[in-house]
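Structure record follows, encoded as structure tokens.
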Amino acid sequence: MDAYDEGSRARHLPDGPDGSLPEGPASAGPTPDSTPSIGQESIGQESVPQRPASQAPTAQAPDAQASAPDPQAPTADPPVPTPTGIASLPLRSQVVAALALAVVAVVACVHLGMVFLHVAPSNTVTKQHGRAIDDWIYPEFEQNWKLFAPNPLQQNIDVQVRAQVRGADGAITETGWYDLSALDGATIDGNLLPSHTQQNELRRAWDFYIGTHDNENRPVGLRGDLSQRYLRRIVVLRLDREGAGDKGAVVESVQVRSRTTNVPPPKWSEEKVSDTPVLRELPWWTVPEEDVTDARTEASAG
């Protein structure tokens with residue numbers, strides 16, 4: 001039995017009949033198939049298969065392995081957004097807020113519709129419901145086009161009033177003229193945020209009156225009486241604020257007038273205007289008891 005040793009490794013082959021190596025593929029010598037192929041390493045007569053470099057396992061960094069998502073792991077639900085606005089309120093508060101918004105929306109739509117019908121040309125709706133439209137619009141929401149007129153208003157109009165008052169002794173006395181427009185102007189002068197009442201109440205009341213009366217102070221249309229009562233109540237309230245008459249005096253009747261003066265033109269203008277004031281006196285109006293009571297109530301509340 002022959003032994004073929006190479007180093008510390010030996011491969012034992014069976015003996016032939018004559019002591020030679022047996023014939024066969026094992027003794028046929030090297031063949032092309034027995035040549036070690038690429039990727040194999042010959043150690044003695046044994047071949048150890050080697051993986052190509054492209055298939056060699058690569059070591060992965062711990063961070064890369066940790067960051068790889070596990071397809072089997074359960075996914076977390078996305079966070080639920082926190083409700084805001086009305087949705088964040090309790091159910092009862094949501095109902096109240098919704099009702100309030102609905103009321104505001106309805107009132108806004110009604111107001112816009114009334115203003116549209118007021119400025120629109122005469123039509124079937126305004127003919128049938130003109131009184132309701134006027135009661136809604138006048139006097140606070142009246143619309144006019146004076147600001148956009150080709151020749152805007154260039155006059156100063158002062159509204160003045162005097163009164164006949166009954167004193168505590170029963171005597172009737174007549175006061176002097178109170179320039180209510182000048183009093184409002186003094187209140188507005190230097191005031192960064194004057195109130196709507198200080199700026200417009202008296203002026204709009206006078207415009208309302210002259211727009212519903214002719215030059216003879218006769219009412220024109222259905223709003224004549226309304227404009228007279230509105231102006232009278234305002235001047236009675238102002239007289240009570242100014243303390244017309246002695247303490248405890250009662251206003252019996254009032255008379256209103258306007259003093260109109262033209263605004264002087266600029267120096268470069270050739271326009272000539274008169275600087276003489278124009279007075280318009282209204283008749284004496286008897287003051288009802290309810291007007292005096294309301295004036296004192298409003299004055300005490302203010």
Side-chain angles (χ1 to χ4, degrees), residues 111 114-122 126 133-134 136-163 175-239 241-242 254-285:
H111 177 70
M114 289 293 189
V115 173
F116 172 77
L117 293 173
H118 173 68
V119 300
S122 179
T126 56
I133 296 173
D134 291 342
W136 180 279
I137 294 296
Y138 290 102
E140 288 83 3
F141 306 116
E142 182 183 1
Q143 308 293 313
N144 62 72
W145 301 96
K146 291 182 179 180
L147 178 62
F148 305 99
N151 189 17
L153 186 64
Q154 300 177 3
Q155 296 174 329
N156 289 324
I157 301 176
D158 294 332
V159 179
Q160 302 172 346
V161 63
R162 63 181 178 179
T175 67
W177 290 99
Y178 289 85
D179 194 336
L180 303 181
S181 298
L183 294 174
D184 284 347
T187 305
I188 295 172
D189 189 20
N191 187 354
L192 297 179
L193 298 173
S195 68
H196 174 76
T197 301
Q198 295 168 345
Q199 298 179 83
N200 299 318
E201 182 184 54
L202 182 62
R203 178 181 61 85
R204 298 300 298 124
W206 179 253
D207 289 344
F208 185 25
Y209 178 85
I210 64 176
T212 56
H213 289 75
D214 59 15
N215 293 332
E216 301 297 328
N217 298 319
R218 292 173 299 195
V220 178
L222 300 176
R223 301 193 304 259
D225 182 64
L226 174 63
S227 64
Q228 177 178 324
R229 289 187 285 111
Y230 182 63
L231 180 60
R232 185 184 64 220
R233 290 170 69 91
I234 290 177
V235 298
V236 170
L237 176 61
R238 298 294 182 89
L239 288 172
R241 290 178 182 175
E242 297 300 323
V254 295
Q255 184 181 27
V256 183
R257 76 177 183 183
S258 66
R259 185 176 184 272
T260 304
T261 55
N262 294 318
V263 176
K267 296 180 179 180
W268 48 263
S269 175
E270 298 180 355
E271 184 181 2
K272 302 297 182 181
V273 296
S274 175
D275 58 356
T276 303
V278 177
L279 299 178
R280 177 176 178 177
E281 291 188 358
L282 306 185
W284 284 92
W285 294 335

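Just so we're clear, the structure is a prediction, and the values are computed from it rather than from any experiment.
Rounding to the nearest 0.5 angstrom, the gap separating the OG1 atom in T197 from the CG atom in L237 is 10.0 Å. Between atom CE of residue M114 and atom CG of residue D134 there is a gap of 10.0 Å, rounded to the nearest 0.5 Å. With rounding to the nearest 0.5 angstrom, the CG atom of L226 is 8.0 Å from the OG1 atom of T212. Distance CG/L202 to CG/L180: 5.5 Å, rounded to 0.5 Å. The CD1 atom of I157 sits 6.5 Å away from atom CG of D207, with the distance rounded to the nearest 0.5 Å. Rounded to the nearest 0.5 angstrom, D189 CG and D184 CG are separated by 12.5 Å.
Taking 4.5 Å as the limit, some side-chain heavy atom of W177 sits within range of a side-chain heavy atom of R257. Taking 4.5 Å as the limit, some side-chain heavy atom of W285 sits within range of a side-chain heavy atom of L231. Between E242 and L183 the shortest side-chain heavy-atom distance falls below 4.5 Å.
Nearest heavy atoms, G224 versus P219: CA-CB, 3.8 Å. When every heavy atom of Q198 is checked against every heavy atom of I188, the shortest pair comes out as O-CD1, 3.4 Å. Summarising the geometry of S227 relative to H213, their closest heavy-atom pair is OG-CE1, 3.2 Å, with the distance given to 0.1 Å. Annotation for R280 and N215: closest pair NH2-CA, 4.1 Å, computed over non-hydrogen atoms.
Other residues, nucleotides and ligands contribute only 12 or fewer heavy atoms inside 6.0 Å of the CG atom of L222.
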- Task: Please step through side-chain contact (heavy atoms from CB on, under 4.5 Å) for the pair E201 and Y230, ending with a clear verdict.
- Result: CA-CA 10 Å; E201 182 184 54; Y230 182 63; 4.2 Å; yes
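In terms of the ring-ring contact (aromatic ring centres under 6.0 Å, His included) criterion, residue partners of F208 (sequence neighbours excluded) are, by chain and number, Y138.
Checked options T261, V278, T260; the residue passing with Q155 is T260 (criterion: side-chain contact (heavy atoms from CB on, under 4.5 Å)).
Listed for the N262 side chain is a donor-acceptor partner under 3.5 Å among the backbone atoms of S274. In this structure, S181 contributes its side chain and V159 its backbone to a donor-acceptor pair below 3.5 Å. Proximity of a side-chain donor or acceptor of D214 to a complementary backbone N or O of R218 within less than 3.5 Å is detected. Judged by distance alone, with hydrogens and angles left aside, the side-chain atoms of Q255 form a donor-acceptor pair with the main-chain N or O of L282 at under 3.5 Å.
Aromatic ring centres of F141 and H118: separated by at least 6.0 Å.
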